[in-house]
Amino acid sequence: MRVAIVLNTSWNIYNFRMNFVKTLLQKGYEVHTIAPHDPYTQFLEQAGCMHHDVTMDSRGVNPIKDTALFFELFGIYRKLKPDVILHFTIKPNVYGTLAASILRIPTINNVCGLGTVFLKKNIVSFIAMSLYKIAFLFPKKVFFQNSDDLNLFLDKKLIPEESADLIPGSGIDLARFQPMQYKRNEAFTFLLISRLITDKGILEYVQAIENLKQKGLNARFQLLGAKDPEHQRGIELSIIDNWISSGIVEYLGTTDDVRSFIQNADCIVLPSYREGTPRTLLEAASSCKPIIATDVPGCHHVVEDNYNGLLCKTKSADDLAEKMEKMSNLDDATLKTFGENGRKKIELQFDEKLVIDKYMRELETLPRAV
């Protein structure tokens with residue numbers, strides 16, 4: 001069976017879907033990856049995938065570029081003739097599905113997260129919901145990464161109920177992110193892992209740090225992730241540089257392997273406005289690290305308040321600072337228990353094998369193209 005996997009970056013496929021890809025290859029599937037070319041494309045090809053470059057701008061809505069994407073995907077699909085197409089992320093879910101529907105190619109979609117567009121009532125959110133409603137008439141199955149997103153689509157009648165199903169995010173490789181031995185730093189260390197865009201709560205994190213520094217809290221505050229000033233909700237480089245030069249945060253840059261950074265932190269923080277199922281929180285919990293996250297879809301599915309971390313209010317630097325101070329003052333036994341509870345939760349609910357098994361069962365129901 002010929003399977004096409006479509007995402008907005010090759011990096012995303014390699015970092016978040018590679019074990020799924022390897023499972024497909026091991027079972028004899030012919031795997032084609034369709035994504036913009038980047039330094040990780042070569043690793044997909046080395047693994048045995050046949051790669052097809054596509055031009056895709058994941059930043060915001062551009063009618064001209066989005067129309068061009070539709071026709072480019074249509075051309076690739078028509079030439080490739082896959083038995084099934086697996087779409088991930090917003091633009092493949094919409095434009096890829098519409099292209100596949102014209103060619104009558106079955107699709108399985110994955111709603112990785114809705115961002116903040118669905119929290120607003122404006123022309124952009126109206127267009128987004130309208131596009132989803134049209135596109136999601138066609139997939140054989142649409143997987144959602146949390147129950148809040150699934151219920152939102154059902155409540156707004158954006159998808160037929162029989163097409164919708166739930167999976168635990170992208171899952172996590174339990175063998176790669178193993179439990180880390182508890183060791184408290186002399187200066188309690190907080191780490192936020194994310195692209196530097198406002199939707200991730202970066203501004204609230206910095207404001208909370210400033211509040212805590214004024215109170216004299218003995219702690220370190222770290223930030224790991226790519227600067228993205230060109231993003232519609234990106235943060236200006238001058239602002240980030242000011243944070244760094246003034247010593248507000250320790251900026252750790254970017255990395256291909258977050259494990260050592262997680263190991264060196266006492267607590268992982270993510271004050272995001274909304275998520276699908278945040279990968280960084282799965283990695284942290286799997287590694288036995290306590291977490292502070294916002295009480296929003298995606299985050300509160302991974303973090304249970306006072307079980308494996310603390311939940312804070314959305315867009316509230318004051319509440320975030322309060323929770324960070326509380327976390328830093330917890331005794332070793334409580335912090336260790338938070339970490340152990342997080343690992344248990346991940347093993348039970350977010351094992352990557354659960355996601356892969358669900359996809360494989362769905363693929364097995366599909367007939368091969370004639």
Side-chain angles (χ1 to χ4, degrees), residues 7-16 35-41 53-66 68-69 88-92 112-120 122-125 127-128 190-211 213 220-258 261 268-276 278-281 283 293-294 296 298-299 314-317 320:
L7 273 110
N8 56 2
T9 63
S10 296
W11 175 91
N12 192 311
I13 301 174
Y14 180 76
N15 280 281
F16 298 158
H37 196 95
D38 64 34
Y40 292 83
T41 302
D53 290 340
V54 67
T55 304
M56 193 183 312
D57 184 359
S58 61
R59 299 182 176 97
V61 178
N62 183 309
I64 296 175
K65 290 182 179 179
D66 292 348
L69 174 62
F88 300 80
T89 65
I90 295 172
K91 293 193 177 183
C112 306
L114 301 180
T116 57
V117 67
F118 278 73
L119 302 179
K120 304 171 183 177
N122 55 28
I123 187 64
V124 175
S125 62
I127 292 172
F190 295 96
L191 171 64
L192 194 161
I193 306 172
S194 169
R195 273 189 307 159
L196 304 192
I197 59 176
T198 57
D199 290 2
K200 301 298 183 179
I202 306 295
L203 300 180
E204 288 80 6
Y205 181 60
V206 170
Q207 182 60 59
I209 293 169
E210 291 177 332
N211 294 351
K213 283 179 177 288
R220 297 172 63 187
F221 307 96
Q222 300 178 334
L223 195 54
L224 174 67
K227 302 173 184 178
D228 196 359
E230 296 181 6
H231 192 283
Q232 191 174 21
R233 293 173 298 283
I235 299 171
E236 293 180 15
L237 293 180
S238 60
I239 295 175
I240 299 171
D241 291 341
N242 181 62
W243 295 341
I244 299 167
S245 62
S246 61
I248 296 173
V249 297
E250 297 176 45
Y251 180 60
L252 306 177
T254 61
T255 183
D256 288 331
D257 190 347
V258 299
F261 296 96
I268 306 302
V269 182
L270 185 64
S272 179
Y273 300 168
R274 189 184 183 104
E275 293 284 336
R279 180 78 174 195
T280 56
L281 297 191
E283 293 167 346
T294 35
V296 297
C299 292
T314 314
K315 300 184 181 180
S316 174
L320 175 59

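Taking each heavy atom of Lys200 and Leu270 in turn, the nearest pair found is O-CD1, 4.2 Å. Closest non-hydrogen pair, Pro271 versus Tyr205, comes out as CG-CB, 4.3 Å. Nearest heavy atom pair, residue Tyr251 against residue Thr254, reads OH-CG2, 4.4 Å. The heavy-atom pair separating Ser272 from Thr314 by the smallest distance is O-CG2, 4.4 Å. Taking every heavy atom of both residues into account, Cys299 and Ala293 meet most closely at CB-CB, 4.0 Å. When all heavy atoms of Ala35 and Ile13 are compared, the pair lying nearest together is CB-CD1, 4.2 Å.
Qualifying side chain to side chain contact (heavy atoms under 4.5 Å, CB included) partners for Asn12, counting only residues two or more places apart in sequence or in other chains: Leu7, Asn8, Thr9, Phe16, Arg17, Thr89. Residues passing the side chain to side chain contact (heavy atoms under 4.5 Å, CB included) test with Thr55, sequence neighbours excluded: Glu72. The side chain to side chain contact (heavy atoms under 4.5 Å, CB included) search around Glu283 returns Ile172, Phe177, Val258, Ile262, Arg279, Thr280, not counting sequence neighbours.
At a threshold of 4.5 Å between non-hydrogen side-chain atoms, the residues Leu192 and Phe221 do not count as touching. At least one side-chain heavy atom of Val54 sits under 4.5 Å from a side-chain heavy atom of Pro36.
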### Query
Run the side-chain contact (heavy atoms from CB on, under 4.5 Å) check on Leu252 and Phe261 step by step: do they pass?
CA-CA 9 Å; Leu252 306 177; Phe261 296 96; 3.6 Å; yes
### Query
Can you list the steps and then say if Glu210 with Lys213 is a side-chain contact (heavy atoms from CB on, under 4.5 Å)?
CA-CA 5 Å; Glu210 291 177 332; Lys213 283 179 177 288; 5.7 Å; no
### Task
Give the intermediate values and the outcome of side-chain contact (heavy atoms from CB on, under 4.5 Å) for residues Ile239 and Val206.
CA-CA 11 Å; Ile239 295 175; Val206 170; over 6 Å; no
### Task
Show your working on side-chain contact (heavy atoms from CB on, under 4.5 Å) between Ile197 and Ile202 and close with a plain yes or no.
CA-CA 7 Å; Ile197 59 176; Ile202 306 295; 5.9 Å; no
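Expressed to the nearest 0.5 Å, how far CH2 of Trp11 lies from OG1 of Thr41 amounts to 13.5 Å. The CG atom of Leu281 sits 9.0 Å away from atom CD1 of Ile193, with the distance rounded to the nearest 0.5 Å. Atom CD1 of Ile248 and atom CG of Leu223 lie 11.5 Å apart (nearest 0.5 Å). Ser10 OG to Asp53 CG: the interatomic distance, rounded to the nearest 0.5 Å, is 7.0 Å. Distance check, rounded to the nearest 0.5 Å: CD1 of Ile268 to OG of Ser194 gives 12.5 Å. To the nearest 0.5 angstrom, Leu196 atom CG is 14.0 Å from Arg233 atom CZ.
Salt bridge absent: Glu204 and Lys315 never bring a charged side-chain N and a carboxylate O closer than 4.0 Å. The pair Lys91-Asp66 counts as a salt bridge, with a side-chain nitrogen and a carboxylate oxygen less than 4.0 angstrom apart. Salt-bridge formation is detected for the pair Asp241/Lys227: a Lys NZ or Arg NE/NH1/NH2 atom is positioned less than 4.0 Å from an Asp or Glu carboxylate oxygen.
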